[in-house]
Structure formats: C-alpha cells, structure tokens
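For reference, the structure discussed in these notes is given below.
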Amino acid sequence: MNPVTGTPALFLAILFGAAFGALLHRGRVTDYDTILGQFRLRDYTVVKVMLTAIVVGGIGVFALVQLGFAKYHVRDANMLATILGAAIFGVGMVLYGYCPGTGLAAIGTGSVHALVGAVGMIAGAILYAFTFEVVRDTILPVGRLGKATLSDVSGLPTIALLFGLVVVAVGVVYEIETRERRA
Amino acid sequence: MTDIDIEGAALLAVPRRIDWKPYLAGAGIGVLSWVVFAVVANPIGITTAMSQAAGGATAVVAGNDVVAGNAYWKIHPFKLDYGMLFLVGTFLGALASALAAGTFRVETIPGGWRERFGDSVPKRMAAAFAGGVLVMYGARMAGGCTSGNGISQGLQLAVVGWTFLAVMFPVGIATALLLFRRPA
C-alpha cells in the first residue's frame, strides 16, 4: 500500500495531530501535576498511557507489517547520544513539567507556562543546531548500532518479544491497580 | 431490610472502580499509530518538526544564510510539511478537547509547583523555559522525544526507543526527588 502524500497528507497531518492532542488531553497528560505526579511516583497515569499505547500500537503495527500494509521506521541507535540525550531530557521534563508533545497540547488547554516552555524548546532546537557539528563528531559516533531492534540484539523473534511485553505490561498494570486500591 | 441497607452493603463489597481513561487514551494513541504507519508512513513525533520550525524562526531573525550554512538545518530544512502541521493539529485537538470538556483554564502556576516553590510567576516561567531548552536539546541528541522515541520507536521494539525510556524515567524520578525535597 502506497502512503498518502502531497496536499491530502497535509490535511491528514492536522487531523491525526488533532486526534493525538485530544487523546493526550483526555488521558490527562496535558496536566503538569499528572506528569510531575509520575516522576514523584504518586500518580501512574503517564505509565498507564504510554504502556497501553506501546502495547496496542506494537501489536497492531506488527500485524500491519506482516500483512504488507505498513513498513517499520526504526531509527538509528547511537547509544552514547541516546543515553546522554535521554538524561538531559529527563531533567528538562521535570523542570518543564511536560514533554514536547504534551507541552504543545497543554498550550491548547490554557497552560501559559507550557507556552513559555515551548519558546524554550525552540531555543533548545537552535542551540542544538549550532552545536550539531561538535555533537556529530564527538558523541554520535560512540556506540553506533544502526537501526537496531531488540530482536536484532537478542536474537529472539519480534513476536516472542511482543508476547513478553504484553505479559510484563499486564503484570505492571495489575501491580499499579492493586497498589492504588490499597491506598 | 430496606433498599438503603442493601445499597450500603453493595458499596462496601464493590471494589474501587478502575479509572479506564488513561488506558483508553493510551489505546487510542496505539490505534492512531496503526493509522499513521499505514496511511501516511509517518510515525507520531514532535521534535524533528520543531527543529525545522526553529530553523524558520532563525532565518527570520538572523537571515537565510545563517540557516542555509548550518549542518543540522541542511538535514532538516524549514518547510511546511506533514510534521509541522501535525504540531498545529496537536495544539488544536487539545484546545477543542479542553473546550468541549469544559476544562480549559488559563494556568500560570500549577498546583504542585505552587505547593513547593510558591507564587512567583517569574520563577515558574524561568523553570519552564529552562526545562524546554533541555527537553528539546536532549530529544534532538537522543533521536526523539517521549512520543517519537518512547512510543513510536518503543512500539517497534527499537533499541533507541527503549534505551531512551530506560534512561529518561530514572533520571526524571531522581530529579523530581531532589527538586521537590523540602529544605530541612
């Protein structure tokens, strides 16, 4: 199946983006206190949303790829850059109270500090562009694995890993719900 | 026995209801992933397009030559494409959802922040700005954010996605622990 491109894709971009923004709001992750509640281990909404999205998305996209309706779009794993970047991101997300997607959506719900943080994000992107050559030459080459999947590095078939993910996810959700019931 | 007694007993026996909203929203994002993979071959992501937007903003302020000569913006040039309009949609969708649900409200200082850091608006805005800078810088270095890396790469079982999640969450938890620890 050929992907939709050109002007129709631009209309779909707004439609799919709107669905994403509405889902983030309905899942309550456009709320600063929900996000901070996750990092303070008081509110597991973020884990619930993300884990469900990954499991449901993972199974469906796997099926679509098997049936020839979609292709995987795996990105390069540059291990040092991913580890350093994720660490910087973790600190930033706690200060900001949002990630980039939930921040943009939160502006729509009336969060002024989300808007100020979005200006910060533009500044961060400019900073990255102007330091990119240094990062590219020093950090990106370290631990370059290419477009690696967990299946590639473990030698296990994707379907077995997905099954394992489902089992782990069910266990995590059961544990979260049990603890919340006791609280 | 009256009806009220039976109701009271039933209330005690019925366990606390599970709040399905986060799971439904998560499942919705999962299904949206099926659609975007199959229809536009463009996984959900935010920060690549934001980098392009930053290139556009820089071109306006510093001139086209600065952007044209930049190694990063050569890879991600400014253009009004699918990714950029997805960002517009994300904002509009949340706005529509908040208005429809009646939860839209102007917020300068969220409750949890006020409890710990007080009523200073500049203080909250400075933290949000600094956090925004770090979030974007980190996302670009890591190859994506919570959406593009965590969810879209995670659901493909990509090493980059799971590495991001495995580092980002513990670092965030440690940061929150330090930041929200009451001064002795």
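Computation of the quantities below employed the complete heavy-atom set of this structure, encompassing side-chain atoms and omitting hydrogens, waters and symmetry-equivalent molecules. It should be emphasised that the depicted structure is a prediction, and the values quoted were computed from it without experimental measurement. Within every chain, numbering begins at 1; the chains are lettered A, B, ... in the order of the sequence lines, protein sequences first and strands thereafter.
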### Message
Tell me whether A:Leu165 shares a hydrophobic cluster with A:Tyr174, the cluster being built from Ile, Leu, Val, Met, Phe, Trp, Tyr side chains joined at under 4.5 Å.
### Response
no
## Note on the structure
Given A:Ala13, A:Gly124, A:Ala9, the one with more heavy-atom pairs under 4.5 angstrom with chain B than any other is A:Ala13
### Query
Where does B:Trp73 contact chain A at under 4.5 Å (heavy atoms): side chain, backbone, both or neither?
side chain
### Query
Which atoms of A:Leu140 come close to chain B, meaning under 4.5 Å heavy atom to heavy atom: side chain ones, backbone ones, both, or neither?
side chain
### Query
Should B:Ile46 and A:Phe20 count as side-chain neighbours, where that means a heavy-atom distance under 4.5 Å?
yes
### Query
Under a 4.5 Å heavy-atom cut-off, does chain B meet the side chain of A:Tyr44, its backbone, both or neither?
neither
### Task
Nearest 0.5 Å please: distance from the OH atom of A:Tyr32 over to the CZ atom of B:Arg114.
11.5 Å
### Query
Given a strict heavy-atom distance threshold of 4.5 Å, which part of A:Leu41 is in contact with chain B: side chain, backbone, both, or neither?
side chain
### Distance (rounded to the nearest 0.5 Å) between A:Ile126 CD1 and B:Thr58 OG1
3.5 Å
### Message
Looking at every non-hydrogen atom in both residues, tell me the closest pair between B:Tyr82 and A:Phe16 and how far apart they are.
### Response
OH-CD1, 3.4 Å
### Query
Which bit of A:Val153 comes within less than 4.5 Å of chain B, counting heavy atoms only: side chain, backbone, both or neither?
side chain
### Query
In terms of heavy-atom proximity below 4.5 Å to chain A, should B:Leu85 be classed as side chain, backbone, both, or neither?
both
### Query
Measuring heavy-atom distances to chain B, does A:Leu15 have an atom under 4.5 Å in its side chain, in its backbone, in both, or in neither?
neither
#### Entry: Contact check, side chains of A:Thr45 and B:Asp19, non-hydrogen atoms, under 4.5 Å
no
#### Entry: Part of B:Leu178 within contact of chain A (heavy atom distance under 4.5 Å)
neither
### Task
Report the option among A:Val173, A:Val55, A:Val112 that has the most heavy-atom pairs separated by less than 4.5 Å from atoms of chain B.
A:Val112
#### Entry: Side chain / backbone / both / neither for A:Val135 at chain B, heavy atoms under 4.5 Å
side chain
### Message
For chain A, which candidate among B:Arg124, B:Arg140, B:Met50 shows the most heavy-atom pairs at distances under 4.5 Å?
### Response
B:Arg124
### Check: B:Phe169 ring centroid to A:Phe39 ring centroid under 6.0 Å
yes
### Task
Check B:Ala142 against A:Thr82 and note the closest heavy-atom contact, atom names and distance.
O-OG1, 3.4 Å
### Query
So how far is it from B:Phe164 CZ to A:Arg75 CZ, rounded to the nearest 0.5 Å?
11.0 Å
### Query
Where on A:Val65 is there a heavy atom nearer than 4.5 Å to chain B: the side chain, the backbone, both, or neither?
neither
### Task
Evaluate the side-chain proximity of B:Thr146 to A:Met50: yes if any heavy-atom separation is below 4.5 Å, no if none is.
yes
### Task
Give, as side chain, backbone, both or neither, the part of B:Leu32 having an atom under 4.5 angstrom from any heavy atom of chain A.
side chain
### Task
Using non-hydrogen atoms and a 4.5 Å limit, figure out which bit of B:Leu157 sits close to chain A: side chain, backbone, both or neither.
both
### Task
Might you point out which heavy atoms bring B:Leu155 and A:Ile54 nearest each other, and give the distance in Å?
CB-O, 3.6 Å
### Query
Which is it for A:Met79 and B:Thr163 under the side chain to side chain contact (heavy atoms under 4.5 Å, CB included) test, yes or no, and what are the steps along the way?
CA-CA 8 Å; A:Met79 293 308 281; B:Thr163 305; 3.5 Å; yes
### Query
If you look at every heavy atom in B:Leu134 and A:Ile88, which pair is closest and at what distance?
O-CG2, 3.3 Å
### Query
Does any heavy atom of chain B fall under 4.5 Å from the side chain of A:Thr158, the backbone, both, or neither of them?
both
### Message
Please classify the contact of B:Ala96 with chain A as side chain, backbone, both or neither, using a heavy-atom distance under 4.5 Å.
### Response
neither
### Task
Taking atom types as modelled, find out whether B:Gln156 and A:His73 have a side-chain donor-acceptor pair closer than 3.5 angstrom.
no
### Message
For chain B, which candidate among A:Ala18, A:Gly90, A:Gly37, A:Ala125 shows the most heavy-atom pairs at distances under 4.5 Å?
### Response
A:Ala18
### Task
Return the option, out of B:Phe91, B:Trp113, B:Phe180, with the maximum number of heavy-atom pairs under 4.5 Å with chain A.
B:Phe180
### Query
Do B:Ile18 and A:Arg181 have side-chain heavy atoms sitting under 4.5 Å apart?
yes
### Summary
Max heavy-atom pairs within cutoff under 4.5 Å with chain A, candidates B:Ser51, B:Ala54, B:Pro110, B:Ala98, goes to B:Pro110
### Message
Test side chain to side chain contact (heavy atoms under 4.5 Å, CB included) on A:Val74 and B:Gln153; report intermediate values, then the result.
### Response
CA-CA 6 Å; A:Val74 176; B:Gln153 293 301 311; 4.1 Å; yes
### Message
Measuring only between side-chain heavy atoms, which start at C-beta, is B:Val171 closer than 4.5 Å to A:Phe89?
### Response
no
### Point-to-point distance, once rounded to the nearest 0.5 Å, from CG of B:Leu99 to NE2 of A:His25
9.0 Å
### Task
For the pair B:Leu179 and A:Leu95, evaluate side chain to side chain contact (heavy atoms under 4.5 Å, CB included) and give the outcome as yes or no after the intermediate values.
CA-CA 9 Å; B:Leu179 202 61; A:Leu95 279 174; 4.1 Å; yes
### Task
Identify the heavy atoms of B:Thr90 and A:Gly101 that sit nearest to each other, and give their distance.
CG2-O, 3.9 Å
### Message
Heavy-atom cut-off 4.5 Å, strictly under: side chain, backbone, both or neither for A:Asp76 against chain B?
### Response
backbone
### Summary
One should read off an interatomic distance between A:Leu24 CG and B:Ser147 OG, to the nearest 0.5 angstrom, of 6.5 Å
## Note on the structure
Turns out that what part of A:Leu145 lies under 4.5 Å from chain B's heavy atoms comes down to side chain
### Summary
CE (B:Met136) and CD1 (A:Ile122) are apart, to the nearest 0.5 Å, by 6.5 Å
### Among the listed options B:Ala25, B:Ser97, B:Ala101, the residue most often paired with chain A at heavy-atom distances under 4.5 Å
B:Ser97
### Query
Nearest heavy-atom pair of B:Val167 and A:Ala87: which atoms, and what distance?
CG1-N, 3.7 Å
### Message
If we define contacts as heavy-atom pairs under 4.5 Å, which of A:Ala148, A:Ala63, A:Gly27 has the most with chain B?
### Response
A:Ala148
### Query
Shared ILVMFWY cluster between B:Ile44 and B:Val160, side chains joined below 4.5 angstrom?
no
### Message
Out of A:Leu115, A:Val91, A:Leu80, return the one with the most heavy atom pairs under 4.5 angstrom to chain B.
### Response
A:Val91
### Query
Is B:Val159 close to A:Leu150 at the side-chain level, that is, under 4.5 Å between some pair of heavy atoms?
yes
### Message
With heavy-atom distances below 4.5 Å as the criterion, would you say the side chains of A:His113 and B:Val121 are in contact?
### Response
no
### Query
With a 4.5 angstrom heavy-atom cut-off, which part of A:Leu64 approaches chain B: side chain, backbone, both or neither?
side chain
### Task
Sort out for me which of A:Tyr96, A:Tyr128, A:Phe132, A:Tyr98 touches chain B most, counting heavy-atom pairs under 4.5 Å.
A:Tyr128
### Query
Can you find a heavy atom in the side chain of A:Cys99 that is under 4.5 Å from one in the side chain of B:Val135?
no
